[in-house]
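Quick notes on the structure that follows.
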Number of protein chains: 2
Amino acid sequence: MAVTIKDVAKRAGVSISTVSRVINESKPVSPEARRKVIKAIEDLGYRPNEIARSLVTKKSNVIGVIVDDIGSSYVAQIVRGIEEVGHMYNYDILLCSSYGDKEAEERFTQLLLQKQVAAIILLSEIYNEDVISYLKYSSIPFVYLNKYYNVLESPTVRINNYLASKKVMDFLIEYGHRRIAYVTQEKDIDITIEKHKLLAYNEAMEYLGNTPNIYKVDGHTISVGYELGYKIHKDITNNEITAIYCCDDEIAIGLINYCYDNNIYVPDDLSIVGYGNISIASYIRPKLTTIMEPYYDIGAVSVRKLSKILANESSEEETIELPVQLVIRDSVKNIN
Amino acid sequence: MAVTIKDVAKRAGVSISTVSRVINESKPVSPEARRKVIKAIEDLGYRPNEIARSLVTKKSNVIGVIVDDIGSSYVAQIVRGIEEVGHMYNYDILLCSSYGDKEAEERFTQLLLQKQVAAIILLSEIYNEDVISYLKYSSIPFVYLNKYYNVLESPTVRINNYLASKKVMDFLIEYGHRRIAYVTQEKDIDITIEKHKLLAYNEAMEYLGNTPNIYKVDGHTISVGYELGYKIHKDITNNEITAIYCCDDEIAIGLINYCYDNNIYVPDDLSIVGYGNISIASYIRPKLTTIMEPYYDIGAVSVRKLSKILANESSEEETIELPVQLVIRDSVKNIN
DNA sequence: ATGAAAGCGCTAACAT
DNA sequence: ATGTTAGCGCTTTCAT
């Protein structure tokens with residue numbers, strides 16, 4: 001049987017309230033009593049039961065985190081941010097993976113609520129307004145992070161995708177590229193961030209006086225990028241395009257691998273830009289030039305926001321926009 | 001205010017015991033009462049408070065997981081395994097990152113204990129026997145996973161590193177390599193898995209009648225592997241060695257990158273083998289030939305073991321050994 | 001089959 | 001400054 005506050009009180013020869021007081025430093029305790037209590041706690045190896053504590057205080061200092069897939073590299077980075085600053089604010093992390101399943105997102109939300117978490121961070125890749133409604137309805141503080149979709153109005157932390165996209169295009173143009181293709185996601189384009197990224201791309205092409213050249217893919221994996229290589233092989237070797245701007249690092253990396261395997265030299269034959277700056281981006285060769293999404297910071301800022309809400313120092317509504325940066329590495333050639 | 005079991009009871013016109021009974025299906029309830037209770041639950045949107053439940057049942061169905069760094073790719077894979085099969089067994093995951101800090105490991109262990117977790121999985125990369133002793137002393141079911149160290153006797157899930165290493169050497173020899181170097185970790189070699197890997201390497205070299213050629217590094221990152229490139233550049237270009245077997249994928253990848261950047265062609269000029277099969281291994285070019293450590297399975301099996309212990313179906317002591325596999329890709333040349 | 005009541009380990013109001 | 005007590009939301013005897 002675990003040792004409880006009663007055991008400590010008995011051993012120290014004081015009441016349980018006194019013990020509670022020294023543990024929580026909630027009220028003054030005489031030096032004498034404090035000494036005895038501390039001694040008893042050490043002798044017995046007592047550790048307060050957080051479950052019992054939460055029950056009475058109605059606080060859990062646990063943040064529930066529902067992610068798409070913890071095995072995914074950018075997800076792990078965000079969770080790292082959540083975890084690290086979470087612990088600074090004294091929060092623990094209860095982690096669930098939904099694997100892109102709508103129902104799982106909702107089920108886990110309920111579960112976390114039952115676990116009396118103080119707040120929820122939902123990191124999703126799918127379109128699921130129901131869970132947002134549910135979260136709002138539950139009136140639990142939450143942050144909603146979606147890599148692709150613009151879902152409803154909800155507190156979130158993100159970058160400005162239009163501006164990011166503009167940075168890429170400005171850079172490509174500065175490096176002398178004119179025939180630039182963009183690889184976008186075909187699915188739900190109007191309600192995803194692709195809408196904004198595409199806008200910047202189209203504006204830049206219009207500025208150049210060139211017709212946009214858009215490839216559509218479905219999926220965000222490296223193999224999708226690789227397969228894209230087959231489809232556009234001719235366009236590349238024809239020299240119809242000099243640069244490809246990909247909506248995801250994964251697509252860009254798949255494409256780079258395709259090129260490597262088919263003797264197309266990046267960046268000499270073709271320049272490639274990614275989006276995200278996942279960790280592999282700096283390890284593949286050539287190193288990928290890409291937009292850096294500050295994953296760690298997104299997690300970190302989300303927790304900070306939540307902790308402010310929980311301390312009543314902030315309202316829930318605002319969405320936070322983090323600065324973007326273009327990381328220039330080796331996958332784009334200056335053809336001026 | 002959240003709705004409680006009392007509210008449900010009142011609304012249904014029954015006692016809270018009856019409500020509890022229908023929730024838990026713990027005792028027979030008349031169809032009539034059950035109907036009313038279910039109705040009330042739905043009307044009120046009632047969800048039992050898991051905190052209160054845990055307090056009385058003294059069960060938490062939460063598994064505490066302490067990892068080194070959730071941002072690390074292999075860690076994320078293991079956690080994925082833990083999380084996914086954990087949820088199948090109805091466990092939730094409370095996650096902490098120690099970032100290689102001894103004290104953090106101990107602090108989090110205490111914290112998790114206070115949170116009344118049902119079991120703990122400790123995933124460490126450092127040498128810390130204290131935390132194992134503490135865990136044993138607390139008599140909480142736990143699994144101890146350490147990527148490098150052989151720490152004390154403790155329940156664990158791992159691969160047979162000697163056998164794995166032997167597989168690598170057999171393969172290299174089969175492919176005609178004779179002058180094979182091994183890159184090992186210089187730190188604490190006698191109490192780490194390097195001892196076993198090295199043994200297999202040395203035995204193979206003895207079998208070949210060649211003197212072992214061992215490079216020592218300190219650290220498990222890609223940049224450590226890259227820096228190793230500088231040091232052994234001459235050995236490679238001298239053709240003194242035809243193959244390098246690296247103790248970590250990261251080292252191998254760093255080395256491959258060094259070669260790429262310095263016009264040494266892998267595998268034509270030099271064959272490289274890794275260890276681990278982290279996700280990048282199949283994305284870099286040339287694709288890395290390596291030992292597959294089944295990270296996901298290590299996590300999955302750990303949870304299964306724990307769940308058996310918690311159900312009194314297994315003792316804590318045994319260590320589980322998972323099968324190893326050599327993944328043959330493109331970084332080794334057949335020079336027969 | 002059902003309800004009353006005790007109690008899980010703790011905090012916090014109240015009393016002294 | 002300290003002790004007594006109620007009660008957090010729930011499960012589980014124990015009666016009935």
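Throughout, protein chains are lettered first and strands after them, A, B, ... in sequence-line order, and every chain is numbered starting at 1.
Look at CG on A:Leu55: it is 17 Å from P on C:dG7, rounded to the nearest Å. In this structure, A:Lys6 atom NZ and D:dT5 atom C1' are separated by 13 Å, rounded to whole Å. Taking atom CD1 of A:Ile41 as the reference point, atom P of C:dC10 lies 10 Å away to the nearest angstrom. Between B:Ile5 atom CD1 and C:dG3 atom P there is a gap of 12 Å when expressed in whole angstrom units. The distance from atom CD of B:Glu50 to atom P of D:dC8 is 19 Å, rounded to the nearest whole Å. Atom CD1 in A:Ile16 sits roughly 9 Å away from atom C1' in D:dT5 (whole-Å rounding). Atom NZ in B:Lys10 sits roughly 13 Å away from atom P in D:dG9 (whole-Å rounding). Rounded to an integer number of Å, the gap from B:Asn49 CG to D:dC8 C1' is 9 Å.
Between the side chain of B:Ser20 and the backbone N or O of B:Ile16, no donor-acceptor pair lies under 3.5 Å.
A search for ring pair (Phe, Tyr, Trp, His ring centres under 6.0 Å) contacts involving B:Tyr148 returns B:His220, not counting sequence neighbours. Not counting sequence neighbours, the partners of B:Tyr149 by the ring pair (Phe, Tyr, Trp, His ring centres under 6.0 Å) test are B:Tyr127.
Using a 4.0 Å cut-off, no side-chain N or O of A:Ser15 falls inside it from OP1 or OP2 of D:dT2. Within the structure, a side-chain polar atom (N or O) of B:Lys58 is placed less than 4.0 Å from OP1 or OP2 of C:dG9.
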*asked:* For a side-chain contact (heavy atoms from CB on, under 4.5 Å) check, start with the C-alpha distance between B:Glu84 and B:Tyr296, then their side-chain angles and the critical distance, and finish with the verdict.
replied: CA-CA 9 Å; B:Glu84 197 163 352; B:Tyr296 177 92; 3.1 Å; yes
_Show, in sequence, the C-alpha distance, side-chain angles and deciding distance for B:Arg158 and B:Asn150, and conclude whether the side chain to side chain donor-acceptor pair (under 3.5 Å) test is met._
CA-CA 11 Å; B:Arg158 56 170 166 81; B:Asn150 300 312; 5.3 Å; no
*Given the rule in the salt bridge (charged side-chain N to carboxylate O under 4.0 Å, His left out) test, do A:Glu50 and A:Arg53 qualify, once you have shown the distances and angles that lead to the verdict?*
CA-CA 5 Å; A:Glu50 288 291 334; A:Arg53 231 178 210 183; 3.0 Å; yes
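For the pair A:Gly13 and B:Arg53, nearest-nucleotide mapping onto DNA chain D gives the more 5' position to A:Gly13.
Of the N and O atoms on the side chains of A:Ser279 and A:Gln77, not one donor lies less than 3.5 Å from an acceptor on the other residue.
The stretch residues 22-34 of chain A touches DNA chain D through A:Pro28, A:Val29, A:Ser30, A:Ala33, each having a heavy atom within less than 4.0 Å of the strand.
Taking only side-chain atoms of B:Pro48, from C-beta outward, the nucleotide of C:dC8, D:dC10, D:dT2 with the closest atom is D:dC10.
Checked by distance alone, A:Ser17 brings a side-chain donor or acceptor within 3.5 Å of a matching partner on the base of D:dT4.
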